[in-house]
Amino acid sequence: MSFNAVAAARTILTRLHDVMASRSGAQAKLNTVVEVIGAGLDSEVCSIYLLREGMLELFATRGLAQEAVHVTRLAIGEGLVGTIAEHTETLNLAEAASHPDFAFRPETGEEKFHSFAGVPIVRLERAVGVLAVQHVEPRRYEEVEIEALQTVAMVISELISNADLIDDESHGITHGQSGSELLRGLTLVKGLAVGTAVYHQPRVTIEHVVAEDTEAERQRVYLAFDRMREQIDRMASQAEFGVGGEHEEVLETYRMFAYDEGWSRRINEAIDSGLTAEAAIERVQQRTRMRMRQIDDPLLADRMHDLEDLSNRLLRIVSGQLGTAASLGLRNDAIVIARNLGPAELLEYDRRKLKGVILEEGSLTSHVVIVARAMNVPVLGRIRSVRGKIRDGDPLLLDGDEGVVTVRPAAAVIEAFEERTAKSRERQAAYAKLRDVEPFTKDGERITVMINAGLKDDLPNLALTGADGIGLFRTEFQFLVSATLPARERQTRLYRDVLEAAGDKEVVFRTVDIGGDKALPYLRQDEGGGEENPAMGWRALRVALERDGLLKAQARSLLEAAGGRTLNVMFPMVCEPWEFMAARDIFEAQVAYLRKRKKVLPQKIRYGAMLEVPALAEQLDLICPHLSFMSIGTNDLTQFLFAADRANPKLAERYDWLSPSVLRFLKRVVDGCALHDVSVTVCGEMGGRTLEALALIGLGIRRLSITPAAVGPIKEMVRKIDSVEIGDAMAGWLRAPPPNLREVLRAWAAERGAVLE
Ligand code: PEP
Ligand code: MG
């Protein structure tokens, strides 16, 4: 049979366009549609099944018995039609009855038709119906015919959604799953959240499928391709500051796909068949998705992800729907879903409506997670292929304590969740009662419990938690949320606000730590020389010393803001004493400058170093005499100690903070600093976890700076323990480490009634 699928699809589409524009009712339209398709594809049978009340119901047919319409109903997964819907896949069979899933329905009179081809009618990635053709003669349909069917299925999808013919969204199905579903992930930030799913990069909604003017659509796609390729080229040539080798590889793949002639040709063919630019891109993407699904290869799945990204990018450009969910604004309580996010991207969200975050990747100490923790927003990471399981607008219960998310929860589950939320609030209220209670151990040792902060919005946490101060103020957060480098006056204003909010309490400012996973859009990576390994690259104090304009401006701001009071300032990523000295000299030069101009200087300046790079621990005797204090950043320290990228999700659970390596290392630092009477604080995420904090106290640490939500639980634990007892126990464990120190510590704490997670 000579069959021109493109021409056939085009003829059908033109006719369907008229049908859709007509004033007839939805059922009449569907009846005409099966006639048009049947005639256009020269097919003896053409039937449309649509999802109603969870069943696939025969809505219209040409060729089968009319009595079967609205009578024949198949469950998802039942018969050929149910199988197509369940797996969102196409079936093409010369002999339908011999297929294992075939289910005979006598009322249809289909026994005389041997061949069968069916395609899913897809809406928002879910099968909402099936379009099928049948012939008397046993034959397989040609690929071009199947393609024509798939194109037509898209148009039907638009028609039925406009006509409100199918179940509302809650009944759509995907990969055989409907109703409620429980997805497991890795807890990155604890907490409970209720909200609707919002994709960070929203899916483009395709308004029109059938083109009015094919040439115009072709032009739109050409232009979109040009713009997309420009974007990718620009991204590749000026990769943002702080991106590494892996990112480059991704960009290379992007580029390969972006310039793939086969891809653009297929889109063009789809336009030839009468689709709009958007529908053509989506049509080609659907086809690729279906093909890829048949190949079970994780590497290909990753590539698929890239291709999806690119296809979505093209769709966003062509449709002009460019914003992220943050820029479009959250409407309700939302749980934002993304493959990964940068800290700045997270900070763009309205904090009142952002209730939770789900990441396909993510790790405990990545900065986006630290920011989320500071915002008290629960985060679940490492949930693969979310797109296939959660759709925009789905109700979600995010349980950051158990590491699960319930999608489309049943009423009983919501109730149980609400009970737990209430309990958790009670627990919070109990912790709030500890606000004014000083954290003394049973033997009278006062533990200083401070909070980590970075933005003005964090300041109320000081009063709310009753913390002793801010032990780490991450000044780079202000840089991350700004579109441009914050002017000196703006920095001064923020620092002044922080000091005022703190009153008599201590505040420790950390000078900017940019680089690594804290990329600034206005600082390009080429200034860092195109880094393979940004966490170990040109970041933190290294940038600050080389581009000292930045540090000078910050020094001036801090000195002015702290006029008349004590300024505590520390430098990140100090590796060798000279780096600390050089940074301190930059501050001292600014002191001299301000003194000459008779400005009010701080009463006292205390300079500290962060110990985040193991090398510094070997020179404690050399650096300590110059220090007012030391602060251990365990997030970076452990990534360097274990040579395990803190942002790499694959390594997220591999190493334990309670391993003898970490604890013995910290013990040496604590003892080394004690020799010089230099106080030590731990300000990494480790200190905010109850068991870890207990271990730190056992090592002799008396100062913690932690995430605000952890202040209550940590104070509670402190009040239950004896510092000498844990010190002795820890000394024993370090000498002869038990196989699982975490378990031993947990048992120790449980015996003493210290409430632990
Ligand atoms: C750390 O590395 O532990 C730390 C506190 O600094 P940051 O997490 O900002 O790198
Ligand atoms: Mg650090």
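All ligand and atom numbering here is 1-based and tracks the order in the structure. Quick caveat, the model's predicted, so the values are computed rather than measured.
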Q: Please confirm whether Met610 approaches ligand 1 to less than 4.0 Å, judged on its heavy atoms.
A: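 Yes, that is the case, since the closest heavy atom of the residue is under 4.0 Å from the ligand.
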Q: Using a 4.0 Å cutoff against the non-hydrogen atoms of Arg646, which atoms of ligand 1 qualify?
A: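 In order of numbering, the contacting atoms are 2 (O), 7 (P), 8 (O), 10 (O).
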Q: Taking the Mg ion (ligand 2) as the reference point, name the nearest N/O/S atom of Glu612.
A: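 Looking at Glu612, the N, O or S atom with the least distance to the Mg ion (ligand 2) is OE2.
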Q: Can you tell me which N/O/S atom of Asp636 has the shortest distance to the Mg ion (ligand 2)?
A: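 For Asp636, the N, O or S atom at the smallest distance from the Mg ion (ligand 2) is OD2.
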Q: Using 0.5 Å steps for rounding, measure from the CG atom of Leu545 to the CD atom of Glu579.
A: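 Leu545 atom CG to Glu579 atom CD measures 6.5 Å (nearest 0.5 Å).
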Q: Using a 4.0 Å heavy-atom threshold (strictly under), name the region of Asn452 that reaches ligand 1: side chain, backbone, both or neither.
A: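 It is neither part, as no heavy atom is under 4.0 Å.
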Q: Answer side chain, backbone, both or neither: which part of Arg510 comes under 4.0 Å from ligand 1, heavy atoms only.
A: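 The side chain, only.
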Q: Got a sec: does the CZ of Arg351 have more than 12 other heavy atoms crowding it under 6.0 Å?
A: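 More than 12 within 6.0 Å, yes.
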Q: One thing to verify: whether Asp468 and Lys505 come together as a salt bridge, which I'm taking to mean a side-chain N less than 4.0 angstrom from a carboxylate O.
A: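 Answer for the salt bridge query: no.
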Q: Counting from 1, what ligand 1 atoms have a heavy atom of Gly684 closer than 4.0 Å?
A: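 It comes down to these atoms of ligand 1: 3 (O).
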Q: Measure Met686 to ligand 1 on non-hydrogen atoms and call it side chain, backbone, both or neither using the 4.0 Å cut-off.
A: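 Within the 4.0 Å criterion, Met686 makes no contact with ligand 1.
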Q: Against heavy atoms of Asp513, which atoms of ligand 1 measure under 4.0 Å?
A: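 Counting from 1, the qualifying ligand atoms are 10 (O).
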Q: Looking only at protein heavy atoms, which one is nearest to atom 7 (P) of ligand 1, and what is the separation?
A: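 Going atom by atom, the protein heavy atom closest to atom 7 (P) of ligand 1 ends up being His367 NE2, 3.4 Å.
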Q: Please state which part of Leu637 comes within less than 4.0 Å of ligand 1, counting heavy atoms only: side chain, backbone, both or neither.
A: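 Neither; no heavy atom under 4.0 Å.
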Q: Restricting to non-hydrogen atoms, name the atom on Met610 and the atom on Cys683 that form the minimum distance, rounded to 0.1 Å.
A: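 What the structure gives for the nearest pair is CE-SG, 3.6 Å.
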Q: What atoms of ligand 1 come within less than 4.0 Å of a heavy atom belonging to Ile370?
A: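 Taking each heavy atom of Ile370 in turn, ligand 1 has 8 (O) under 4.0 Å.
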Q: Is the NZ or CZ atom of Arg584 positioned over Phe587's six-membered ring, under 6.0 angstrom from the centre and within 45° of the axis?
A: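 Checked: cation-pi criterion not met.
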Q: Could you walk me through whether Asp458 and Arg474 pass salt bridge (Lys or Arg N to Asp or Glu O under 4.0 Å), step by step?
A: CA-CA 11 Å; Asp458 299 330; Arg474 291 182 165 101; over 6 Å; no
Q: Of the protein's non-hydrogen atoms, which lies at the shortest distance from atom 4 (C) of ligand 1, and what is that distance?
A: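 Closest protein heavy atom to atom 4 (C) of ligand 1: Glu612 OE2, 3.6 Å.
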Q: Below a 4.0 angstrom heavy-atom separation, can you tell me which part of Leu472, side chain or backbone, both or neither, approaches ligand 1?
A: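 For Leu472, the contact with ligand 1 is made by the side chain alone.
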Q: What distance do Glu685 atom CD and Thr638 atom OG1 have between them, rounded to the nearest 0.5 Å?
A: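 Between atom CD of Glu685 and atom OG1 of Thr638 there are 10.0 Å.
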Q: Does Arg606 have more than 12 heavy atoms from other residues, nucleotides or ligands lying within 6.0 Å of its CZ?
A: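 Count over threshold, so yes.
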Q: Ring-plane angle category for Phe642 and Tyr655, please: parallel below 30°, perpendicular beyond 60°, tilted otherwise.
A: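 Judged by the thresholds at 30° and 60°, the geometry between Phe642 and Tyr655 is parallel.
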